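First up is the structure itself, then whatever we jot down about it.
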There are 2 protein chains.
Amino acid sequence: MDNIEVRKRLKSSGLRVTPQRIAVLSTLVESNAHPDADQIVKSVRQQYSNIAIGTIYHILDNLVQKGIIKKVQTEQNVVRYDAIVEPHIHLYSGEENRIEDYFDEELFDLIQDYLQKKEIKGFEVNDIRIKFLGEFTKERK
Amino acid sequence: MDNIEVRKRLKSSGLRVTPQRIAVLSTLVESNAHPDADQIVKSVRQQYSNIAIGTIYHILDNLVQKGIIKKVQTEQNVVRYDAIVEPHIHLYSGEENRIEDYFDEELFDLIQDYLQKKEIKGFEVNDIRIKFLGEFTKERK
DNA sequence: ATATATGCAAACTCTTTGCATCGTT
DNA sequence: AACGATGCAAAGAGTTTGCATATAT
């Protein structure tokens, strides 16, 4: 996704299009490492050396509110961010503290179908989060 | 589970059986609310008024290391704890910040079977974490 | 007796907040 | 011009750490 597309996404969400927001969202879109706020700060500061940490947190909050990005929880105590909002699975290695995306529509369909047949009493499901904990092997390294 | 069972669990894991550990683990076993460290401190202090926060964190870490309890991530930035280590799903309402357990062996079997047939390239799955985000309806309230 | 656990307090990390200034619409 | 966004610094929450003392084995 290029900058024009990033600007469009911001604009259509009703957020003002500022250089800082473009930089934050671009960074996130270009990264597949699910960076935390600190990593985003470091990355964005290569371009905007004086962007404030508070601003980064504000922007990330804005983007989450608008559904443009998602928060990712980790075993550590740090929020990470993901620019992919389509359903997907996170492969997580605690040893490496590494998150990779794993797309498997078939599996999601399987679960969706299951939930439709056998609904949960007293709970309405809006979103499904699946995480596989484990270890990355050579092929993926 | 009574205190004797809690002591057994601690002992068989190799941890020294201290009153503080018994209190922390008992609290966790008796709660189904997936409490965070602060809530555990408050609960345990009804019995041991001078237990230190640092000690609670130490104990919780010990228990997690030994696989007696598990950490639970939430949308907020607080770690919560779960004494149930068997596979189960978490129903989570952000509005209420509430986590409920949902046991569904059939669904886990479904996923297990699926993973056995179609393994993920470059990743070995050790644990599956599933969370449904949504809203609790009247019946469950 | 020894190794480990606890209590306490200080330190640390990540995140949030208040407020003046700046920039987008 | 007006409202919202940014920068800065201080504060806050949750968690970790160091060290002396206490306790389980």
Side-chain angles (χ1 to χ4, degrees), chain A residues 3-4 6-27 34-45 47-66 68-69 71-81 97, chain B residues 3-4 6-27 34-45 47-66 68-69 71-81 97:
Chain A
N3 268 24
I4 293 168
V6 165
R7 300 175 77 105
K8 265 192 210 161
R9 273 219 227 174
L10 291 171
K11 189 152 203 177
S12 65
S13 73
L15 291 172
R16 287 189 179 173
V17 180
T18 66
Q20 291 87 341
R21 279 184 179 146
I22 295 168
V24 169
L25 184 51
S26 296
T27 294
H34 311 80
D36 61 25
D38 188 57
Q39 292 170 315
I40 294 168
V41 169
K42 286 193 176 103
S43 171
V44 172
R45 279 195 174 157
Q47 213 182 335
Y48 295 93
S49 53
N50 61 334
I51 194 171
I53 292 175
T55 302
I56 299 268
Y57 277 102
H58 272 135
I59 291 174
L60 290 168
D61 268 2
N62 301 152
L63 298 176
V64 170
Q65 297 312 327
K66 296 296 182 184
I68 299 172
I69 65 171
K71 287 189 176 192
V72 181
Q73 272 72 46
T74 56
E75 308 306 294
Q76 337 305 330
N77 215 33
V78 187
V79 178
R80 291 164 69 166
Y81 297 87
N97 193 29
Chain B
N3 268 22
I4 294 169
V6 165
R7 300 175 77 104
K8 266 192 210 162
R9 273 220 226 174
L10 291 171
K11 189 154 203 177
S12 66
S13 75
L15 290 173
R16 287 188 179 175
V17 181
T18 65
Q20 290 88 342
R21 279 185 180 146
I22 294 168
V24 168
L25 184 51
S26 296
T27 295
H34 310 79
D36 61 25
D38 189 56
Q39 291 169 315
I40 295 168
V41 168
K42 286 192 177 101
S43 171
V44 172
R45 277 194 175 156
Q47 211 182 337
Y48 296 92
S49 54
N50 62 335
I51 194 171
I53 292 174
T55 302
I56 299 267
Y57 277 103
H58 271 135
I59 291 173
L60 290 168
D61 268 2
N62 300 152
L63 298 176
V64 170
Q65 296 313 324
K66 296 295 182 185
I68 298 171
I69 65 171
K71 288 189 174 191
V72 181
Q73 272 73 47
T74 57
E75 307 305 295
Q76 340 302 333
N77 216 30
V78 188
V79 179
R80 290 165 70 164
Y81 296 89
N97 194 29

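In the text below, chain A, chain B and the rest are named by the order of the sequence lines, each starting its count at 1. The structure presented is a predicted model; accordingly, all values stated were derived computationally and were not measured.
- Of all the heavy atoms in B:Pro19 and B:Tyr48, the pair that sits closest is CB-OH, 3.1 Å.
- Applying the 4.0 Å criterion to OP1 and OP2 of D:dT15, one finds that A:Gln76 has every side-chain N and O outside that range.
- Residues B:Ser26 and B:Asn3 come closest through the heavy atom pair OG-OD1, 3.4 Å.
- For the side-chain contact (heavy atoms from CB on, under 4.5 Å) with B:Leu10, the lone residue among B:Thr18, B:Leu63, B:Ile59, B:Asn62 that qualifies is B:Leu63.
- Pairing each heavy atom of B:Asn97 with each of B:Arg80, the nearest pair is O-NH1, 3.0 Å.
- B:Asp38 has its CG atom 14 Å from the P atom of D:dT16, to the nearest Å.
- Taking the side chain as every heavy atom from C-beta outward, B:Tyr57 and B:Ile53 approach each other to under 4.5 Å.
- Summarising the geometry of B:Gln47 relative to B:Ala23, their closest heavy-atom pair is OE1-CB, 4.2 Å, with the distance given to 0.1 Å.
- Contact between A:Arg9 and A:Ser12 at its shortest, heavy atoms only, is O-OG, 3.3 Å.
- Side-chain atoms of A:Asn77 lie closest to D:dT15 of the nucleotides D:dT15, D:dA5, D:dG7.
- With contacts defined as side-chain heavy-atom distances shorter than 4.5 Å, the pair A:Thr74/B:Gln73 does not qualify.
- Close approach of DNA chain C to chain A, defined as any atom under 4.0 Å from a non-hydrogen atom of the protein, starts and stops at C:dC14 to C:dT25.
- Nearest approach of A:Val72 to A:Tyr81, heavy atoms of both residues: CG2-C, 4.3 Å.
- Checked against B:Leu25 for a side-chain contact (heavy atoms from CB on, under 4.5 Å), the options B:Val6, B:Leu60, B:Ile40 give a single hit: B:Val6.
- Residues from residues 7-17 of chain A lying near DNA chain C, meaning a heavy-atom separation below 4.0 Å, are A:Arg16, A:Val17 in numerical order.
- Near DNA chain D, meaning a heavy atom under 4.0 Å away, the residues from residues 48-60 of chain B are B:Gly54, B:Tyr57, B:His58.
- Along DNA chain C, the nucleotide nearest to A:Lys71 and the one nearest to A:Thr18 differ in position, and the one closer to the 5' end is contacted by A:Lys71.
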